[in-house]
Amino acid sequence: MAIPKVCGIETEYGIQVLHGDPNPIAASSVLINAYAHDVARQQTGWDFEDEAPGNDARGFAREGSMPPQVETHLVNTVLTNGARYYVDHAHPEFSTPECRDALECVRYDRAGELILTRSMEAADLAAHDGSQLVVYKNNSDGKGNSYGAHENYLMDRAAPFTRIVSGVTPHFVTRQIFAGAGKVGAETAVHDGTPVDFQLSQRAEFFEEQVGLETTLKRPIVNTRDEPHADPHRYRRLHVIVGDANLAEVATLLKVGTTSLVLAMIEDDISGSRSLALADPVTAMHDVALDRTFTKPLTMEDGSTATALAVQWELFSLARKYADDRGLDCMGDEAVGEEVLKRWEAVLHGLETDPMSLSRQLDWVAKLQLIEAFRERHGLDWDDHRLAAVDLQYHDLRPSRSLFARMDTERLVNEESVVTAVTEPPRGTRAWFRGQCLKRWPASVVTANWDSLVFDLGTDPLRRVPMMDPLKGTAEHVEELLQACASPSELLDRLSS
Amino acid sequence: MAEREQKKKTTTTERADDVVEDVPATSATGEKLKAELDDLLDEIDEVLEDNAEEFVRNYVQKGGE
């Protein structure tokens with residue numbers, strides 16, 4: 001049986017400085033420090049004052065007395081909701097905690113947006129030079145530079161990697177018809193000679209290989225990074241770099257939910273009578289991004305052809321039957337699994353009959369509707385700068401500027417639960433143990449990462465608590481124990497006894 | 001899947017109206033949608049960065065990941 005698809009999303013946000021030092025690394029540090037100092041401390045009681053600089057790349061951010069304006073070391077924090085918030089390359093990055101199901105992943109992805117928004121506000125308040133930080137949840141600058149929104153899925157180590165590659169590639173090539181965030185124009189050489197007005201995906205044109213280890217050059221559709229952050233004999237973490245960052249919640253739910261289902265079917269070795277192997281997945285990926293009519297035939301390995309929509313219908317049918325035959329335990333929550341299937345079917349039907357009817361569900365449709373209406377009102381050509389500006393500003397996280405926030409897109413998680421997710425960890429994964437320990441004993445947890453916590457009890461050598469199973473350390477497992485312990489040393493005594 | 005709510009400041013009553021709009025649009029709901037889109041475009045004209053060309057040109061990111 002497929003194992004539960006514990007999942008998470010790591011998003012690199014675009015960052016821009018208005019009226020100040022444009023260095024993006026410094027700006028990202030200021031942004032995250034502002035949150036750690038001015039926002040999170042208020043909420044969690046963390047005290048950074050007496051901490052020494054961390055020696056673990058995944059440990060807490062430590063703060064000295066220097067003002068944030070000159071703070072340039074790479075910040076790396078772990079939050080009480082179990083998330084990681086840090087500077088990666090030249091971007092602020094937020095990694096959700098491990099989530100038990102796709103809907104929970106939507107909630108923590110939204111919590112990440114809220115954290116970034118609060119960070120911007122805190123940084124602007126702290127700035128004394130009139131500078132302003134602006135954060136964008138998108139994946140490219142329109143000039144050939146891309147940054148990622150990666151997904152992670154827990155998989156059974158027993159599933160052969162070659163089967164994962166062949167099984168998931170058709171999904172990764174075609175899921176952009178609902179998961180794409182949309183983009184005006186093109187910015188790489190792959191579409192040279194073809195006039196491009198709009199693409200379904202921000203990222204599709206940046207992919208050049210089918211399989212590989214890279215993430216910044218020659219990006220592969222299936223990434224081979226083998227860093228399970230868990231017991232490597234039992235688990236694999238599939239690191240997915242092919243997606244766009246979504247703002248529309250339905251798009252995020254479908255991106256994560258359909259992928260979870262496809263991966264569960266791969267673990268259980270389910271396939272249909274028709275092979276979905278594409279003759280040239282990379283070219284197909286580029287072509288699918290350009291096809292808003294869903295009629296472009298893709299050449300399959302066996303010489304036949306299929307549209308992206310047909311490939312998705314086939315995957316949906318397999319998943320529907322899989323769920324009927326075996327249930328949806330693999331989805332973490334059966335009701336969420338059913339919701340994913342229901343919406344997957346509805347969206348494919350919508351794309352087939354009237355794509356623009358999905359403007360409340362899908363990012364690329366919402367953006368295209370906006371662009372088309374704006375273009376018509378002002379009589380603009382596709383290459384007009386104002387259309388690129390609308391595209392960019394769709395992703396602006398400032399409530400005063402965000403165009404996405406002005407659209408009436410459908411919501412799946414209520415605002416209150418998103419606010420709670422800013423500080424509270426998910427209950428159904430090891431993120432719960434991580435977050436609760438950080439909440440209760442911030443001064444004693446010296447470093448934290450995905451698969452361990454390190455405690456400093458002030459007397460003994462540092463004590464490391466491994467968390468090699470993402471499905472343990474849940475509220476169900478350890479809530480009682482944590483409540484019974486008055487101090488971290490008591491917790492460690494009881495854990496080792 | 002109990003959690004669900006309409007975006008923005010819509011009330012429960014307005015939600016019911018929105019559900020009605022999901023069925024094929026009659027001319028009345030079509031007009032309403034168009035009016036809503038017009039309002040949205042008015043708002044966008046207000047909040048869109050003034051110098052679009054400079055705004056877009058200045059947005060340069062380093063590759064990441």
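In the text below, chain A, chain B and the rest are named by the order of the sequence lines, each starting its count at 1.
A:Ser357 does not touch chain B: none of its heavy atoms, backbone or side chain, sits under 4.5 Å away. Proximity to chain B is limited to the side chain of A:Asn138, based on heavy atoms less than 4.5 angstrom apart. In this structure, no portion of A:Ser402 lies under 4.5 Å from any heavy atom of chain B. For A:Val134, no part lies under 4.5 angstrom from a heavy atom of chain B.
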Inset, instruction - Before giving the answer on side chain to side chain contact (heavy atoms under 4.5 Å, CB included), spell out for B:Glu36 and A:Asp408 the whole-Å C-alpha distance, their side-chain angles and the decisive distance to 0.1 Å. - result: CA-CA 10 Å; B:Glu36 282 173 4; A:Asp408 186 26; 5.7 Å; no
Inset, instruction - Dump the intermediate steps for side chain to side chain contact (heavy atoms under 4.5 Å, CB included) on B:Lys62 and A:Asn145, then the final yes or no. - result: CA-CA 6 Å; B:Lys62 296 207 157 126; A:Asn145 303 308; over 6 Å; no
Inset, instruction - Would you please test A:Arg406 and B:Val47 for side chain to side chain contact (heavy atoms under 4.5 Å, CB included) and show each step? - result: CA-CA 11 Å; A:Arg406 287 168 166 72; B:Val47 301; 3.7 Å; yes
Inset, instruction - Would you please test B:Ile44 and A:Gln393 for side chain to side chain contact (heavy atoms under 4.5 Å, CB included) and show each step? - result: CA-CA 10 Å; B:Ile44 287 171; A:Gln393 215 172 313; over 6 Å; no
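B:Gln61 places a side-chain N or O within donor-acceptor distance of the main-chain N or O of A:Ile15, the cut-off being under 3.5 Å.
When each of A:Ala149, A:Pro24, A:Gly14 is checked for heavy-atom pairs under 4.5 Å with chain B, A:Gly14 comes out on top. Of the listed residues A:Ala90, A:Ser146, A:Ser400, the one with more heavy-atom pairs under 4.5 angstrom with chain B than any other is A:Ser146. Counting heavy-atom pairs closer than 4.5 Å to chain B, the top-ranked of the candidates A:Glu338, A:Glu10, A:Gln16, A:Glu249 is A:Gln16. Put simply, of A:Asp384, A:Thr216, A:Leu392, the one with the most heavy-atom pairs under 4.5 Å next to chain B is A:Leu392.
For the residue pair B:Asn51 and A:His385, no side-chain donor N or O sits within less than 3.5 Å of a side-chain acceptor on the partner.
Taking the six-membered ring where the residue is Trp, A:Tyr136 and B:Tyr59 present perpendicular rings, their angle passing 60° and hence far from 30°.
Of all the heavy atoms in B:Leu37 and A:Ala373, the pair that sits closest is CD2-CB, 3.8 Å.
A salt bridge does not link A:Arg386 to B:Asp45: none of the charged side-chain nitrogens sits closer than 4.0 Å to a carboxylate oxygen. Contact check on B:Glu46 versus A:Arg401 returns no salt bridge, with no Lys/Arg side-chain nitrogen under 4.0 Å from an Asp/Glu carboxylate oxygen.
Using a 4.5 Å heavy-atom cutoff, the side chains of B:Leu41 and A:Glu376 are not in contact.
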